K.L.:
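Here you go, one structure.
Keep in mind that this is a model prediction, so the values were computed, not measured.
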Amino acid sequence: MTMRTVCLVSAVLFLSLSRTLSAEPDAAFFSTASDWNGFYAGVQVGNLRGALHQAYAVGDHSRADVSAFFAGLHSGYQRQVTRNVVAGVELDGAWLRAEGRSHFYTRGGFQISPGYVARSRLDWTAALRGRLGYVVDRRMPYLAAGPAIADVRFVGMHGNGVFDPGGRKIHIGWTLGGGVDFAVGNRLILKSEYRYSDFGRRVFNDGANPSRIGLKTHGLRLGASYRF
């Protein structure tokens, strides 16, 4: 997924969700949420999909697709810098078990013996993002970006044995996304969000044929926050 595609998806989500929430329900139940200042914390659930790209120095490589539902927590602080513009920062973490398998291929794209299998796993992710939103009554469409980390595991199998022990590494990269916060009452905030993340590449062994692994993901999430 290119940066142009990421920005386009974020913009479309930003506009479409804003229009979806434009109906005017019972004003006695929904707050106008003219004040978005302060700390908040909450929970989130969603679905993450991505790919682990692995390649040896000699050119042999694998690509394992991963997908899983996740649950997590988030907290943050935001300040209404003008009547409509809100800026803030948010920290979040998500726990999941996304596993993937793939055969190995040569540099030229030919499959190596089917007995050779790459096994990858993603256990958790976290991000610290800056957020910038625009208030429209009780809705606040926003964009968010910042550094992100992920816990990645890899092992190369041959039959019932291991030919590449791989290991476990913390990947550090970046994330970009957008969504809409929707104020319910004076304290509760609901959110819907799309996020793209590139966690970079890391070397998983230091032998004569080192392996480099990269991880990219995208996903949708729903959340609920309590504003203090």
K.L.:
Show your reasoning for whether side chain to side chain contact (heavy atoms under 4.5 Å, CB included) applies to Leu122 and Leu48.
P.N.:
CA-CA 10 Å; Leu122 173 62; Leu48 176 145; 3.9 Å; yes
K.L.:
Restricting to salt bridge (Lys or Arg N to Asp or Glu O under 4.0 Å), what partner residues turn up for Arg97, sequence neighbours left out?
P.N.:
Glu99
K.L.:
Compare every heavy atom of Thr217 with every heavy atom of Tyr196, then report the nearest pair and how far apart it is.
P.N.:
CD1-O, 3.3 Å
K.L.:
Could you check if a side-chain atom of Ile189 sits within less than 4.5 angstrom of a side-chain atom of Trp36, using non-hydrogen atoms only?
P.N.:
yes
K.L.:
Can Ile170 be reached from Phe154 by stepping across I, L, V, M, F, W or Y side chains whose heavy atoms are under 4.5 Å apart?
P.N.:
no
K.L.:
Scan residues 37-52 for pairs that pass salt bridge (Lys or Arg N to Asp or Glu O under 4.0 Å), counting only residues two or more places apart or in two chains.
P.N.:
none
K.L.:
Quick one: do Arg131 and Glu193 satisfy salt bridge (Lys or Arg N to Asp or Glu O under 4.0 Å)? Show the steps, please.
P.N.:
CA-CA 12 Å; Arg131 299 192 346 145; Glu193 179 183 289; 5.1 Å; no
K.L.:
Give every residue pair that meets the salt bridge (Lys or Arg N to Asp or Glu O under 4.0 Å) criterion with at least one member in residues 145-158, sequence neighbours excluded.
P.N.:
Asp123-Arg153, Asp151-Arg168
K.L.:
Return the CZ to CG distance between Arg139 and Asp181, rounded to the nearest 0.5 Å.
P.N.:
12.5 Å
K.L.:
Just jot down the salt bridge (Lys or Arg N to Asp or Glu O under 4.0 Å) partners of Arg212, sequence neighbours excluded, or say none.
P.N.:
none
K.L.:
Report the distance from atom OG of Ser62 to atom CD of Gln111, rounding to the nearest 0.5 Å.
P.N.:
11.5 Å
K.L.:
With sequence neighbours left out, what residues match Phe228 under ring-ring contact (aromatic ring centres under 6.0 Å, His included)?
P.N.:
Tyr226
K.L.:
Would you say the side chain of Asn47 lies within less than 4.5 Å of the side chain of Ser67, judging by non-hydrogen atoms?
P.N.:
yes
K.L.:
Taking ring-ring contact (aromatic ring centres under 6.0 Å, His included) as the test, write out the residues that go with Tyr105, two or more places apart.
P.N.:
none
K.L.:
Using salt bridge (Lys or Arg N to Asp or Glu O under 4.0 Å) as the criterion, list what pairs up with Lys169, not counting sequence neighbours.
P.N.:
none
K.L.:
If you measure from CG on Asp198 to CD1 on Ile172, what distance do you get to the nearest 0.5 Å?
P.N.:
13.0 Å
K.L.:
Can you measure from CD (Gln78) to OG (Ser225) and round to the nearest 0.5 angstrom?
P.N.:
8.5 Å
K.L.:
Should side-chain heavy atoms under 4.5 Å link Ile, Leu, Val, Met, Phe, Trp and Tyr, which residues sit in the same cluster as Met157?
P.N.:
Val155, Val162
K.L.:
Please enumerate all residues that pass side-chain contact (heavy atoms from CB on, under 4.5 Å) together with Ala127, with sequence neighbours excluded.
P.N.:
Asp92, Arg129, Ala148, Thr175, Arg195
K.L.:
Determine whether His158 and Ile112 make a side-chain contact, defined as any pair of heavy atoms from C-beta on separated by less than 4.5 Å.
P.N.:
no
K.L.:
Going from NE2 on His171 to NZ on Lys216, what distance comes out if it is rounded to the nearest 0.5 angstrom?
P.N.:
13.0 Å
K.L.:
When hydrophobic residues are tied together by side-chain contacts of less than 4.5 Å, even through go-betweens, does Ile149 share a cluster with Trp95?
P.N.:
yes
K.L.:
Enumerate the residue pairs fulfilling ring-ring contact (aromatic ring centres under 6.0 Å, His included) with a member in residues 62-88, sequence neighbours excluded, ordered by first and then second residue.
P.N.:
Phe39-Tyr77
K.L.:
To the nearest 0.5 Å, what is the distance between OG (Ser120) and CD1 (Ile213)?
P.N.:
5.5 Å
K.L.:
For residues Phe204 and Asp164, determine if any side-chain heavy atom of one lies less than 4.5 Å from a side-chain heavy atom of the other.
P.N.:
no
K.L.:
Using the rule that Ile, Leu, Val, Met, Phe, Trp and Tyr join whenever any side-chain heavy atoms are under 4.5 Å apart, tell me whether Tyr40 and Leu143 fall into a single cluster.
P.N.:
no
K.L.:
Kindly give the heavy-atom pair with the smallest separation between Ala68 and Leu96, and that separation in Å.
P.N.:
CB-CD1, 4.0 Å
K.L.:
Would His103 and Val117 count as a side chain to side chain contact (heavy atoms under 4.5 Å, CB included) here? Give the steps.
P.N.:
CA-CA 5 Å; His103 292 295; Val117 177; 4.3 Å; yes
K.L.:
Using every non-hydrogen atom in the two residues, find where Val66 and Ala51 come nearest and quote the distance to one decimal.
P.N.:
CG2-N, 4.3 Å
K.L.:
Please give me the minimum heavy-atom distance between Gly156 and Phe104, naming the atom from each residue.
P.N.:
CA-CZ, 4.4 Å
K.L.:
State whether the number of non-hydrogen atoms from other residues, nucleotides or ligands found under 6.0 Å of Arg187 atom CZ is greater than 12.
P.N.:
yes
K.L.:
Would you say Val81 and Val89 are hydrophobically clustered, going by side-chain heavy atoms of ILVMFWY under 4.5 Å?
P.N.:
no
K.L.:
Show the nearest heavy-atom pair for residues Tyr142 and Val180, with the distance to one decimal.
P.N.:
CE2-N, 3.6 Å
K.L.:
Quick one, Arg83 with Val135, criterion side chain to side chain contact (heavy atoms under 4.5 Å, CB included). Give me CA distance, side-chain angles, the key distance, then yes/no.
P.N.:
CA-CA 8 Å; Arg83 179 178 179 181; Val135 176; over 6 Å; no
K.L.:
Looking at side-chain heavy atoms only, is the closest gap between Leu52 and Phe199 below 4.5 Å?
P.N.:
no
K.L.:
Using modelled atom types and a 3.5 Å cut-off, is there a donor and acceptor pairing between side-chain atoms of Ser113 and backbone atoms of Tyr116?
P.N.:
no
K.L.:
Does anything in residues 61-76 pair up under salt bridge (Lys or Arg N to Asp or Glu O under 4.0 Å), and if so which pairs, sequence neighbours excluded?
P.N.:
Arg63-Asp65
K.L.:
Kindly write out the residues that satisfy salt bridge (Lys or Arg N to Asp or Glu O under 4.0 Å) with Asp60, not counting sequence neighbours, or none if the list is empty.
P.N.:
none
K.L.:
If every non-hydrogen atom of Gln54 is compared with every non-hydrogen atom of Ser211, which pair is closest and at what distance?
P.N.:
NE2-OG, 3.0 Å
